[in-house]
Amino acid sequence: MIGQAMQRVDGPLKVAGRAAYAYEHWEAGQPLYGFIAGATIGKGRIIEIDTEDAEGAPGVRMVMTHLNAPEQGIRDESIPFEYWRAQPVLTGPDIHYYGEPVALVVAETFEQARAAAELIEVEYTGGRGRFAFAEHEGEAYVPKTVNAGLPTDTSVGDFDAGFAGAAVKVDQHYTTPYELSMPIEPNACMVAPRDEDLIVYVSSQIVDAAQASIANTLRIDPARVHVFTPFVGGGFGSKLGIHSETILAALAARELDQPVKVALTRQQVFQLVGMRPTSDQRVRLCAERDGRLAAIAHDVTMHTNPDVEYAEQTAATSRSLYAAPHRLTSHRLTPLDLPRGTDVRAPGEEPGLLAVESAMDELADTLGMDPVELRIRNEPTLDPERGVPYSDRHLVECLREGASRFGWEHRPATPASRREGRWLVGYGMAVAIRVHLQGPAAARVRLEADGTAVVQTDMTDIGTGTYTILTQVAAGGLGLPPDRVRIELGRSDNPTSWGSGGSWGAANSSTAVDRACATLREKLLAEAHDDARSALRGLDPADAVFSDGDVRIGGASEPLSEMVARNHPDGVEAMGETRFMGDEPNYTNYSIHTYGAHFAEVGVDADTAEIRLRRMLGVFSVGRLLNPKTARSQLIGGMIWGAGAALEEEAVVDPRSGAFVNRDLAQYLVPVNADIPDVDAVVLDGYDDKANILGAKGLGELGICGSGAAVANAVFNATGVRVRDFPVTLEKLLPGLPPMEDA
């Protein structure tokens with residue numbers, strides 16, 4: 001079953017509208033509805049808040065502010081990961097960023113709650129906020145570590161000496177904007193009280209983090225918080241932790257002793273969920289005339305919130321990518337009075353590769369060298385910073401296969417040299433690298449007496465196909481048809497995992513399920529070996545084959561259901577687990593990543609600078625594929641997002657208030673179907689035995705890594721104009737376009 005392009009098992013539920021998302025659960029009966037009122041300043045203090053009119057509005061049951069909100073726990077930084085910490089709200093009169101919750105209105109209908117929220121009068125005293133990144137970049141400080149606990153800075157060799165002595169140099173700054181996760185399903189929840197317990201239906205990527213964070217905030221036993229998230233309508237990092245809507249719903253439900261629903265509006269998502277930090281990246285490359293890198297430096301300064309530090313590991317992108325004896329990376333943080341930074345799809349790699357792969361393209365242009373050949377010449381044999389071997393690296397194969405399939409040999413050798421009527425045509429490419437992470441995960445697999453299997457884990461499906469791949473793993477592990485496997489996900493009373501995030505979810509949960517199945521096989525075979533009633537008695541278990549619901553050893557066979565029913569009339573179960581990667585020697589002894597090569601063709605209107613993406617191709621190496629169909633969907637989705645990052649996505653801050661001025665999907669642009677006419681993803685056959693027993697690695701974020709740089713490099717090849725301030729937009733490109741020749 002593993003490796004087959006099986007249709008999604010949850011597909012029928014979703015197309016029939018029977019897959020219940022967080023806001024759609026009615027088990028607890030008719031809920032009340034909450035609406036969040038947000039601050040209209042970006043820095044300051046509430047002097048007075050008048051809720052009288054709101055409290056008297058039709059249907060209103062409660063108005064909660066900092067004056068009457070229950071006491072809550074504080075963010076405990078001794079808890080290693082932010083998403084498990086308390087997330088208190090309405091704790092005082094101070095305003096830390098625009099849109100911060102100042103009140104929750106709870107009413108009998110959503111419309112009543114929203115209308116009443118407009119009646120709240122708030123008087124502020126304004127503080128002097130820091131909103132403009134460029135103005136305060138000089139105030140940057142050095143964080144202790146960056147995301148995932150990686151070192152803030154690294155140094156190998158003598159960069160200054162290596163850079164000074166090289167023949168060809170690139171020294172440029174690249175800037176990336178604030179970007180946001182915009183899943184189809186906004187952040188939403190419903191909380192229902194049940195005696196001393198809370199039943200929480202929430203859109204969350206990590207059930208364990210949601211349970212712990214709610215419990216830590218409300219200062220109650222985590223066992224009293226029951227989290228359900230069977231379906232998540234996308235996350236991309238925005239739902240790794242829980243946010244204000246969930247805490248406020250929980251507080252209100254306890255106070256009113258009734259179920260309460262709260263959902264963020266699309267505009268509130270922009271202000272209340274967090275975003276990818278803006279960055280200023282200086283990339284320095286130097287090489288000899290043959291293109292071999294002598295030194296590489298990647299220095300990043302980005303925004304952070306003063307109260308909740310977040311350091312995206314942007315410069316870490318460069319640490320394992322190319323061979324060079326002299327190396328330097330660094331991260332610095334500039335505190336701004338804006339919402340906190342958070343993980344957005346492919347944190348670190350997405351913005352980092354925009355810069356590094358643009359710089360490599362600049363180096364190739366300066367050298368007059370094919371950009372593919374430049375990268376092949378700088379392929380390392382060992383991880384250039386850690387000095388350990390790669391577990392399974394096929395980046396060169398991705399480059400060569402991609403170049404062949406794309407027709408790279410037809411690339412215009414000179415920028416701005418190919419025209420098709422009024423269109424300037426260009427090709428671009430870039431590479432992809434994404435660290436493969438492993439976190440703790442547990443799964444329970446139960447065989448019933450009728451021979452059906454039930455898989456239970458709190459792992460989530462955020463639209464990526466978890467139900468399907470776990471069905472395949474369990475069916476393959478027990479030799480059952482897929483329709484005899486049932487997957488139960490997203491419940492806090494199931495075995496604990498790190499959920500879906502960081503591209504670790506599929507590999508972690510699949511490995512845990514595979515190990516549970518192996519334990520069940522061993523147990524059943526051992527029992528059959530000594531059982532006079534079994535057709536398999538005395539036969540060597542090492543020769544056993546589980547297939548089509550039967551167990552065969554040589555010419556003897558027995559239905560799996562009979563083996564279970566005879567000795568376990570109430571069923572039999574086993575657990576499987578994975579450990580944190582720091583406890584696995586392979587993750588210390590090897591450099592474990594996924595890889596890819598992106599190719600893009602664009603047309604640029606020579607008069608208007610309108611950019612049209614014509615086609616994209618990605619070739620990837622990800623170890624063993626669990627399901628080619630869902631894998632391809634993930635990869636092309638990432639590639640499309642990368643194109644958006646290169647050409648469209650940009651959240652713009654009003655420097656007067658700290659508000660996002662384009663806080664809706666009419667103005668915060670993302671690609672639509674007409675923007676992406678032709679995109680394809682190809683995955684090389686592979687198996688990484690250092691990653692896990694299945695040989696599979698995470699790929700959900702790999703598609704976005706480097707794809708934006710390929711598009712931007714294609715724009716340069718088409719026009720000869722290098723835009724280093726992303727996204728590449730008309731007003732940045734138009735002034736440098738070559739003159740259009742008369743027809």
Side-chain angles (χ1 to χ4, degrees), residues 28 31-41 43-75 85-125 127 187-200 202 213-220 224-225 242-265 268 271-272 307:
L32 301 172
Y33 293 84
F35 190 87
I36 297 172
T40 56
I41 64 170
K43 183 69 173 177
R45 187 176 178 87
I46 297 173
I47 297 175
E48 184 176 354
I49 183 166
D50 184 352
T51 62
E52 183 177 357
D53 289 346
E55 291 168 339
V60 171
R61 300 287 298 277
M62 167 188 281
V63 178
M64 184 183 295
T65 71
H66 71 278
L67 299 174
N68 62 349
E71 291 189 13
Q72 299 159 63
I74 61 173
R75 290 180 60 257
R85 297 171 184 165
Q87 303 293 336
V89 291
L90 301 180
T91 57
D94 291 330
I95 301 301
H96 305 89
Y97 56 89
Y98 187 96
E100 181 177 8
V102 297
L104 175 74
V105 179
V106 181
E108 294 173 4
T109 70
F110 171 80
E111 292 78 10
Q112 289 172 335
R114 181 174 58 184
E118 295 293 327
L119 301 177
I120 297 172
E121 298 288 340
V122 185
E123 183 179 351
Y124 303 98
T125 176
N187 299 74
C189 71
M190 186 187 79
V191 181
R194 188 176 65 191
D195 299 326
E196 296 298 316
D197 291 6
L198 290 176
I199 314 302
V200 182
V202 62
S213 184
I214 295 166
N216 289 333
T217 307
L218 273 59
R219 302 192 297 186
I220 61 177
R224 294 200 173 279
V225 179
I242 53 91
H243 301 284
S244 54
E245 82 286 342
T246 303
I247 296 302
L248 290 170
L251 292 171
R254 293 188 85 195
E255 290 292 303
L256 295 169
D257 197 29
Q258 282 188 254
V260 175
K261 282 187 175 184
V262 182
L264 298 183
T265 67
Q268 287 176 328
Q271 300 291 164
L272 296 179
D307 303 302

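The structure presented is a predicted model; accordingly, all values stated were derived computationally and were not measured.
- Distance alone, capped at 3.5 Å, is enough to place a donor-acceptor pair between the Ser213 side chain and the Arg85 backbone.
- Asp53 places no side-chain N or O within 3.5 Å of a backbone atom of Glu55 that could act as its donor or acceptor partner.
- In the displayed structure, Leu67 atom CG is contacted under 6.0 Å by more than 12 heavy atoms of other residues, nucleotides or ligands.
- For the atom pair Arg224 CZ and Asp197 CG, the distance stands at 5.0 Å (nearest 0.5 Å).
- Rounded to the nearest 0.5 Å, atoms CD1 (Ile36) and OG1 (Thr265) are 8.5 Å apart.
- Ala54 approaches Ala116 most closely through the heavy-atom pair CB-O, 3.3 Å.
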task: I would like to know whether Glu71 and Arg219 meet side chain to side chain contact (heavy atoms under 4.5 Å, CB included); could you show each step before the answer?
output: CA-CA 9 Å; Glu71 291 189 13; Arg219 302 192 297 186; 3.3 Å; yes

message: Test side chain to side chain contact (heavy atoms under 4.5 Å, CB included) on Val200 and Val225; report intermediate values, then the result.
response: CA-CA 7 Å; Val200 182; Val225 179; 4.1 Å; yes

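- Ala113 approaches Gly34 most closely through the heavy-atom pair CB-C, 4.4 Å.
- Nearest heavy-atom pair across Arg75 and Pro88 is CG-CD, 4.2 Å.
- Checking each of Val262, Val63, Thr65, Leu251 against Leu104 for a side-chain contact (heavy atoms from CB on, under 4.5 Å) leaves exactly one that passes, namely Val262.
- Annotation: side chain of Pro70 is not in contact with side chain of Arg254 (no heavy-atom distance under 4.5 Å).
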- request: Mind running side chain to side chain contact (heavy atoms under 4.5 Å, CB included) on Glu52 and Glu121 for me, showing each step along the way?
  value: CA-CA 9 Å; Glu52 183 177 357; Glu121 298 288 340; over 6 Å; no

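- One distance of note links CD1 of Ile49 with OH of Tyr124; it measures 7.0 Å at 0.5 Å rounding.
- Rounding to the nearest 0.5 Å places CZ of Phe35 at 12.5 Å from CG of Leu248.
- For the residue pair Pro101 and Tyr97, the shortest heavy atom distance occurs at CD-OH, 4.2 Å.
- Closest heavy-atom contact between Ala28 and Met190: CB-CE, 4.1 Å.
- In plain terms, the two heavy atoms of Pro193 and Leu198 that are nearest each other are CA-CD2, 4.0 Å.
- Looking at Thr217, its side chain does come within 3.5 Å of a backbone N or O of Gln87 through a donor-acceptor pair.
- Judged by distance alone, with hydrogens and angles left aside, the side-chain atoms of Gln72 form no donor-acceptor pair with the main-chain N or O of Thr91 at under 3.5 Å.
- Atom CG of Asp94 is separated from atom CD1 of Ile46 by 8.5 Å, given to the nearest 0.5 angstrom.
- Of the possible donor and acceptor atoms, none in the side chain of Gln271 sits under 3.5 Å from a partner among the backbone N and O of Gln268.
- Using a 4.5 Å heavy-atom threshold, the side chains of Asn187 and Leu272 count as separate.
- Atoms NE2 and CD1, from His96 and Ile41 in turn, are 11.0 Å apart once rounded to the nearest 0.5 Å.
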message: Pair Val191, Val202 - check side chain to side chain contact (heavy atoms under 4.5 Å, CB included), show working.
response: CA-CA 8 Å; Val191 181; Val202 62; over 6 Å; no

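- Partner of Val102 under the side-chain contact (heavy atoms from CB on, under 4.5 Å) criterion, chosen from Thr40, Ile95, Val89: Ile95.
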